[in-house]
Number of protein chains: 2
Amino acid sequence: MSTTSESPQRNTRQRRAVAAIMADLEGFASAQQIHDILKQRGESVGLSTVYRNLQALADADLLDALRNDDGETLYRRCSSGHHHHLVCRVCGRTVEVEGPTVERWADAVAEDHGFRDVEHTLEIFGTCGDCAS
Amino acid sequence: MSTTSESPQRNTRQRRAVAAIMADLEGFASAQQIHDILKQRGESVGLSTVYRNLQALADADLLDALRNDDGETLYRRCSSGHHHHLVCRVCGRTVEVEGPTVERWADAVAEDHGFRDVEHTLEIFGTCGDCAS
DNA sequence: GACGGATTTGACAATCGTTCCCGGCAGTAG
DNA sequence: CTACTGCCGGGAACGATTGTCAAATCCGTC
Ligand SMILES: [Zn+2]
Ligand SMILES: [Zn+2]
Ligand SMILES: [Zn+2]
Ligand SMILES: [Zn+2]
């Protein structure tokens, strides 16, 4: 067994920079967008490093990740615990939503068909009020 | 406005071959897998053509498409109308499921937050009874 | 059945997000 | 301070998908 935090993690400037960006960011953003933001702020970080750190943060459940229609992986700081997202497809603004009913429904459906180890993905996309104007 | 069927579609051997494969196929499969199947059956079809025809079929709502974790797009012949999938992550067996409750919930949540033009994605993954043994 | 214009095909190059590699840099324990 | 080791960066590699464009194929028409 590995202890839950098997992390001889080092506190590097790059790691701090990425974490800082994600702490401020409101909606979902791609690795490349975050890389660009860092460059603009002068805290340049290598693209590979941005990818690595985002994945690490996501693995540690400090970020949520989802894929958009273009196949890009988007990241966002999120509350812990199981939830889903309502995302504006224009500006990226995101609302975390929970739906106990949905959770129960999904599990029930799966069980009815004899499936085990069930998990599900659910995202809602739309255009937010501001962007609709 | 384009009329719903703006399709001067030609009835080519390749188009028939792809459609035939999809008609038989039980689970979801990637464009490359379908390309391989065609090759095995001797009805060789160019990879680009397989991609094009699958997309065309999906656009015509004759196939459902979804992306797996590896970023590949998978296709499957499905009934028309809005529905979701319960997919075995081992053998790919797929069950189409409907959940009017979920649909209403998703739309309501989006509306509560002022979102328009709402759509959603929902897939359930698990291990089917046969594969669990 | 042959003809001609439009569509489709297919081999190959190009794209694009992401991952891999590896020499060099920089936290960190002692 | 020193040594150890993980981390960084940038450039090559990857893999799914899309674009290109001449050649092949359809299909309505003659
Ligand atoms: Zn918006
Ligand atoms: Zn859920
Ligand atoms: Zn199965
Ligand atoms: Zn639905």
Side-chain angles (χ1 to χ4, degrees), chain A residues 2-3 5-22 27-60 62-76 89 92, chain B residues 2-3 5-22 28-60 62-76 92:
Chain A
S2 58
T3 52
S5 61
E6 184 72 74
S7 39
Q9 293 224 342
R10 289 184 183 175
N11 177 20
T12 67
R13 172 183 68 80
Q14 294 84 342
R15 192 159 298 175
R16 262 177 279 125
V18 171
I21 297 286
M22 297 314 291
F28 279 90
S30 70
Q32 315 220 35
Q33 288 174 332
I34 293 158
H35 177 250
D36 288 345
I37 296 173
L38 284 164
K39 199 181 301 180
Q40 288 173 13
R41 292 203 190 176
E43 303 202 79
S44 188
V45 174
L47 183 55
S48 307
T49 303
V50 173
Y51 273 104
R52 275 187 301 243
N53 283 332
L54 287 174
Q55 286 174 338
L57 289 168
D59 287 347
L62 296 173
L63 296 182
D64 274 7
L66 67 80
R67 286 182 112 97
N68 68 8
D69 286 334
D70 298 336
E72 298 174 312
T73 303
L74 307 182
Y75 297 91
R76 177 177 187 271
R89 65 169 70 85
Chain B
S2 59
T3 52
S5 59
E6 183 72 76
S7 40
Q9 292 225 342
R10 288 186 182 174
N11 177 20
T12 67
R13 171 184 70 81
Q14 294 86 340
R15 191 158 296 174
R16 262 177 279 124
V18 171
I21 298 286
M22 297 313 291
F28 279 89
S30 70
Q32 315 219 37
Q33 288 173 329
I34 292 158
H35 177 249
D36 289 344
I37 296 173
L38 285 164
K39 201 182 300 181
Q40 287 171 13
R41 293 203 188 174
E43 304 203 78
S44 189
V45 174
L47 182 55
S48 306
T49 303
V50 173
Y51 273 103
R52 275 187 298 242
N53 283 334
L54 287 174
Q55 286 174 337
L57 289 168
D59 287 348
L62 296 173
L63 297 182
D64 273 7
L66 68 80
R67 284 184 116 95
N68 71 5
D69 287 333
D70 297 337
E72 298 173 314
T73 302
L74 308 181
Y75 296 91
R76 178 178 185 270

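The analysis underlying the following values was restricted to heavy atoms, covering all of them including side chains, and did not include hydrogens, waters or symmetry mates. Convention: sequence-line order gives letters A, B, ...; per-chain numbering from 1.
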For residues 36-47 of chain B, which side-chain N or O atoms pair as donor and acceptor with protein atoms under 3.5 Å away, sequence neighbours left out?
none

What's the [atom1]-[atom2] distance between [X] and [N], to the nearest Å?
X       : N      : atom1 : atom2 : value
B:Asn53 : D:dT17 : CG    : P     : 15 Å
A:Glu43 : D:dC8  : CD    : P     : 14 Å
B:Gln55 : D:dA16 : CD    : P     : 15 Å
A:Leu47 : D:dC7  : CG    : C1'   : 16 Å
A:Asp69 : D:dT17 : CG    : P     : 14 Å
A:Leu54 : D:dG9  : CG    : P     : 13 Å
B:Leu74 : D:dA16 : CG    : C1'   : 12 Å
B:Lys39 : C:dT9  : NZ    : P     : 17 Å

So which heavy atom on [X] is nearest to which on [Y], and how close?
X       : Y       : result
B:Tyr75 : B:Gln55 : OH-CG, 3.7 Å
B:Gln9  : B:Arg15 : OE1-NH1, 3.2 Å
B:Ala65 : B:Thr73 : CB-CG2, 4.1 Å

Answer whether the closest heavy-atom distance between the side chains of [X] and [Y] falls below 4.5 Å.
X       : Y       : result
B:Phe28 : B:Gln33 : no
B:Met22 : B:Ile34 : yes
B:Arg67 : B:Leu74 : no

Phosphate OP1/OP2 of C:dG17: any A:Gln32 side-chain N/O under 4.0 Å: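 Answer yes for this pair, as a side-chain N or O of A:Gln32 is under 4.0 Å from OP1 or OP2.
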Distance test, side-chain N/O of B:Ser30 to OP1/OP2 of D:dA16, below 4.0 Å: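 Answer no for this pair, as no side-chain N or O of B:Ser30 is under 4.0 Å from OP1 or OP2.
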Among C:dT18, D:dA16, D:dC8, the one nearest B:Tyr51 by side-chain distance: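 Comparing C:dT18, D:dA16, D:dC8 against the side chain of B:Tyr51, the answer is D:dA16.
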Selection from D:dT18, C:dT18, C:dT9 that lies nearest to any side-chain heavy atom of B:Arg15: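 Of the candidates, C:dT9 comes closest.
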First encountered from the 5' end of DNA chain C, between B:Val50 and A:Glu72: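 Upstream on the strand: B:Val50.
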B/S/- contact track for nucleotides 19-26 of chain D, protein heavy atom under 4.0 Å: BB----BB
